[in-house]
Protein chains: 2
Amino acid sequence: MPETLTGRDDEARAEQVYQLVLEGIVAGRYEQGVRLRERELSELYNVSRIPVREAIQRLEQDGFVETFPRRGAVVRQLTLADVNELFDVRLCLETFAARMAAVRVAAGEPGGRLQELLDDTRQAIDDGRTDDVVRLSAAFHAEIVRLSGNRLLIESVKPLFGRMRWIFGLAHNRSNELQRDEHMELCNAILGGKADLAYTLAYSHIELGREPVLKGLAETLEP
Amino acid sequence: MPETLTGRDDEARAEQVYQLVLEGIVAGRYEQGVRLRERELSELYNVSRIPVREAIQRLEQDGFVETFPRRGAVVRQLTLADVNELFDVRLCLETFAARMAAVRVAAGEPGGRLQELLDDTRQAIDDGRTDDVVRLSAAFHAEIVRLSGNRLLIESVKPLFGRMRWIFGLAHNRSNELQRDEHMELCNAILGGKADLAYTLAYSHIELGREPVLKGLAETLEP
DNA sequence: ACTCTATTTTTGGTATACAAAAAGTCCGGA
DNA sequence: TCCGGACTTTTTGTATACCAAAAATAGAGT
């Protein structure tokens, strides 16, 4: 097992445990429905139960596990309804973020790393680095939210992005090329300060992602 | 001090500590900027540090305290920017909830306790029970979100409502009468299945609440 | 008054213990 | 064989005691 708290352990233990377990869940090493026992994890990662509890608590907030009183934590079972709900909430928040980002850019705020992320994605696609494409794509969405300037929005969206990452691990997505094109259009709208256009483009871009993910997940769920 | 874990303490200690501290913050007993020391709280409430830590962690997620590594938790300082951000995110999520609630009612789902809450508010206003009016008003908003049927949305909105309660404790609101009229219109739109109208009414109702709260808070912040 | 140092507090973490609730196991009877 | 209840084991939630290291505070010297 490659997952031990190696090297400098002067970092926050709870944070490390959180990351490791999260990685395990997203990568599918912890299958859905599996119980996460405190002692088990604390022995596996060589920490006491306290950081483990803290990590589990955070995993629960972020929607990866479900806990039951006196029964502990279980890796959540993702349903199609969950995915639909996730896309609906993303539509609410990310379209607003796109509009606000455009408004702020129009008002003179810097455009952040938007263009840069887009260029990097281009490179990653050309090089066939699929993992990087996914990561950069997610970073693009996160950057838009960051550009909205609304800290509460950023905070509210964070758990949604975590879930997206998880879902993408289970259900593959549509063409990276198509997505990048949409990102480019959206990027131009935001950097051009065109708020309504940014809103519309963000809406259709997110909505276009729904069906493929639902289909992909449906296959994984019922083989 | 009336705040000790009295009676049957067979309930979750962490939950009780959370509630008690939260109550203290909302009621203004813990002023903004005050440090929340683990030992202090554990002695005050007669529990060990573990439930206290868990409670503080949850208070942080819900936006009531801020924690700094090795320095612990501090009651957050609410700024006007925070209030604006909160209203913006509420506009995103609650208007969507109102629309969805109307759609679902139109599709035959039950209308929940919406009408009932409205009637109770009427009574509370007539009786001059101001606290109940505020509580019922908040419950009305929560009920709309619940009727949206989106569990992720419900979850995402919960911390926002907690913050609203806090803010209303600091800055008083506009006329209960006016608000109730708006609630009534919104209720009718939802129960009538008029999705677009529900959306519009929810939007203006929330937006109308912004200025008074900002003004009220500005006075409290700078006396 | 102001800065630098020494002392005390406080956090984040470990280890251990224990009651009570779940979960798991076993056994006898239909 | 299958079922249901009694018994045993696990696991959580919490308490207590303790520690290193960082932060806050007090103190001393200029």
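What you are looking at is a predicted structure, and each value in this text was computed from that prediction instead of being measured. Just so it is clear: chains get the letters A, B, ... in the order the sequence lines come, proteins before strands, and each one is counted from 1. Side-chain atoms are counted along with the backbone in the values below, which use heavy atoms only and exclude waters and symmetry mates.
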What is the separation between atom [atom1] on [X] and atom [atom2] on [N], rounded to the nearest whole Å?
| X | N | atom1 | atom2 | result |
| --- | --- | --- | --- | --- |
| B:N46 | D:dT14 | CG | P | 14 Å |
| A:E60 | D:dG13 | CD | P | 10 Å |
| A:Y45 | C:dG13 | OH | C1' | 19 Å |
| A:F68 | C:dA20 | CZ | P | 24 Å |
| A:E40 | D:dT11 | CD | P | 8 Å |
| B:Q16 | D:dT14 | CD | C1' | 13 Å |
| B:R53 | D:dT16 | CZ | P | 16 Å |
| B:E43 | C:dT9 | CD | P | 13 Å |

Ring of B:F68, cation from B:R71 - is the NZ or CZ under 6.0 Å from the centre and inside 45° of the axis? yes
Using modelled atom types and a 3.5 Å cut-off, is there a donor and acceptor pairing between side-chain atoms of A:E60 and backbone atoms of A:E66? no
Parallel, tilted or perpendicular for B:H141 and B:F161, by the 30°/60° rule? perpendicular
Go through [options] for me and flag the one nearest to the [X] side chain.
| X | options | result |
| --- | --- | --- |
| A:I50 | C:dG13, C:dT14, D:dG13 | C:dT14 |
| A:R13 | D:dT16, C:dT11, C:dT14 | C:dT14 |
| B:R37 | D:dA15, C:dT11, D:dT14 | C:dT11 |
| A:R35 | D:dT14, C:dT11, C:dA23 | C:dA23 |
| B:R70 | D:dG13, C:dG13, D:dA20 | D:dA20 |
| A:P51 | D:dT11, D:dG13, C:dG13 | C:dG13 |
| A:R39 | D:dT14, D:dT11, C:dG13 | D:dT11 |
| B:E54 | D:dT14, C:dT11, C:dG13 | D:dT14 |

Short side-chain N/O contact from B:R71 to OP1 or OP2 of C:dG12, under 4.0 Å: no
Examine D:dT12: is either OP1 or OP2 under 4.0 Å from a nitrogen or oxygen in the side chain of A:R49? Give yes or no. no
Side chains of A:Q19 and A:E15: donor-acceptor distance under 3.5 Å anywhere? yes
Contact class for A:I56 vs. all strands (heavy atom < 4.0 Å): base, sugar-phosphate, or nothing? nothing
Please check if the number of heavy atoms outside B:D131 that lie under 6.0 Å from its CG is greater than 12. no
